[in-house]
Amino acid sequence: MSSRLRQRMTAAIAVGVASAALLTGCVGGLGGVSGGPGHSQDAEVVEQDLEAVEGVASATVEQDEYSSGPSAQRTSIVHVALAYGYRVGDPAAAFEWLARTAWAVDDDGPTTSNLMFGFTDAGGTPIDWDWSAGAVALGLDPNDVDSLLADQGLVDVVASTVPSAWGPAPGPLPEAPTGAIVPD
């Protein structure tokens, strides 16, 4: 094989590999971290976004991955500690905001299993914030939402039950709705 033909083949293979990587999102910038608000984000960016909200003392966001048969399943967990002197004001708005925030997390790929989210006070004590009203407002049956409030301050929603209007995961990172967190 001539050196000129070998160079052309090498260049064609390199272009093919680069194109495949771009199409599958394997090149930096095409995976979890996006171009700003309204797009899916990695956990660190979501934490920073939550912590910028008035009334939030701190936030922890993570995406756990486990194997289930031939595919990986991902659970997104969003935990918000409210600052002293703040409480959940509108449970329906808070429920949808945190559920959509969990839906937007894209560290290792889209959420495919569960969305877990909730609030604690600044001291770490779980808050019972009438999450069932939020579930009903989204059209979910509260009996299908697991409450882990006593142990972890979280509720657990199966990802396959989220409203179809949200589109496929990861969804856009939502802004905090007015009234979700209010001063005491």
Side-chain angles (χ1 to χ4, degrees), residues 37-41 43 45-47 49-66 68 72-83 85-184:
H39 302 284
S40 62
Q41 301 283 347
V45 171
V46 175
E47 280 181 10
D49 186 72
L50 290 168
E51 290 175 346
V53 174
E54 182 180 350
V56 173
S58 65
T60 304
V61 178
E62 61 185 285
Q63 190 176 59
D64 291 339
E65 184 173 329
Y66 62 93
S68 177
Q73 299 295 313
R74 291 176 202 87
T75 295
S76 292
I77 304 164
V78 175
H79 178 256
V80 174
L82 297 181
Y86 285 86
R87 64 180 173 79
V88 174
D90 180 345
F95 188 97
E96 183 171 3
W97 171 46
L98 290 190
R100 283 182 176 259
T101 297
W103 193 241
V105 176
D106 187 11
D107 261 1
D108 300 312
T111 298
T112 54
S113 180
N114 295 59
L115 308 170
M116 298 174 73
F117 51 90
F119 297 96
T120 62
D121 65 20
T125 303
I127 295 172
D128 187 359
W129 51 281
D130 195 18
W131 59 267
S132 60
V136 170
L138 278 181
L140 300 174
D141 182 345
N143 294 321
D144 292 338
V145 179
D146 290 330
S147 172
L148 308 172
L149 286 179
D151 298 332
Q152 302 170 25
L154 301 170
V155 295
D156 185 359
V157 177
V158 176
S160 62
T161 64
V162 302
S164 61
W166 290 9
L173 182 61
E175 292 185 21
T178 302
I181 300 173
V182 297
D184 276 336

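Values below: all heavy atoms of this structure, side chains included; hydrogens, waters and symmetry mates excluded.
Counting only heavy atoms from C-beta outward, the side chains of Q152 and P126 never approach each other to under 4.5 Å. Side chains of V158 and D144 form no contact here, defined as non-hydrogen atoms less than 4.5 Å apart. Side-chain contact between W103 and V157 is absent, with no heavy-atom pair separated by less than 4.5 Å. Looking only at side-chain heavy atoms (C-beta outward), P142 and V136 come within less than 4.5 Å of each other. Taking 4.5 Å as the limit, some side-chain heavy atom of L173 sits within range of a side-chain heavy atom of T101.
To the nearest 0.5 Å, atom CD of residue E47 and atom CD of residue Q41 are 12.5 Å apart. Rounded to the nearest 0.5 Å, atoms CG (L82) and OG1 (T125) are 11.5 Å apart. Considering OG1 of T75 and CG of N114, their distance stands at 4.5 Å, rounded to 0.5 Å. Rounding to the nearest 0.5 Å places CD1 of I77 at 4.0 Å from CD of E62. Summarising the geometry, atom CG belonging to L138 is positioned 13.0 Å from atom CG belonging to D141; distances are rounded to the nearest 0.5 Å. Here the CG-CD distance, from D64 to Q73, works out to 12.5 Å after rounding to the nearest 0.5 Å.
Here the shortest heavy-atom pairing between L50 and A59 reads CB-CB, 3.7 Å. Contact detail for L148 and M116: the closest heavy-atom pair is CD1-CE, 3.2 Å. Of all non-hydrogen atoms in A72 and E65, the two that sit nearest each other are CB-OE2, 3.2 Å. Of all the heavy atoms in L140 and T161, the pair that sits closest is CD2-O, 3.2 Å. Scanning both residues, S113 and Y66, for their nearest heavy atoms gives OG-OH, 2.8 Å. Of all the heavy atoms in L115 and A99, the pair that sits closest is CD1-O, 3.9 Å.
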Are L98 and W131 close enough, and set up right, to give a side-chain contact (heavy atoms from CB on, under 4.5 Å), and what steps lead you there?
CA-CA 11 Å; L98 290 190; W131 59 267; over 6 Å; no
Please walk me through it: do I181 and E54 pass side-chain contact (heavy atoms from CB on, under 4.5 Å)?
CA-CA 8 Å; I181 300 173; E54 182 180 350; over 6 Å; no
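Results of the side-chain contact (heavy atoms from CB on, under 4.5 Å) test with F119 over V88, V155, V56, V78 single out V88 as the only residue that passes.
Without hydrogens or angle criteria, S76 side chain to Q63 main chain gives no donor-acceptor distance under 3.5 Å. Without hydrogens or angle criteria, D90 side chain to G179 main chain gives no donor-acceptor distance under 3.5 Å.
Relative orientation of the W129 and F117 rings is tilted, given thresholds of 30° and 60° on the angle between their planes.
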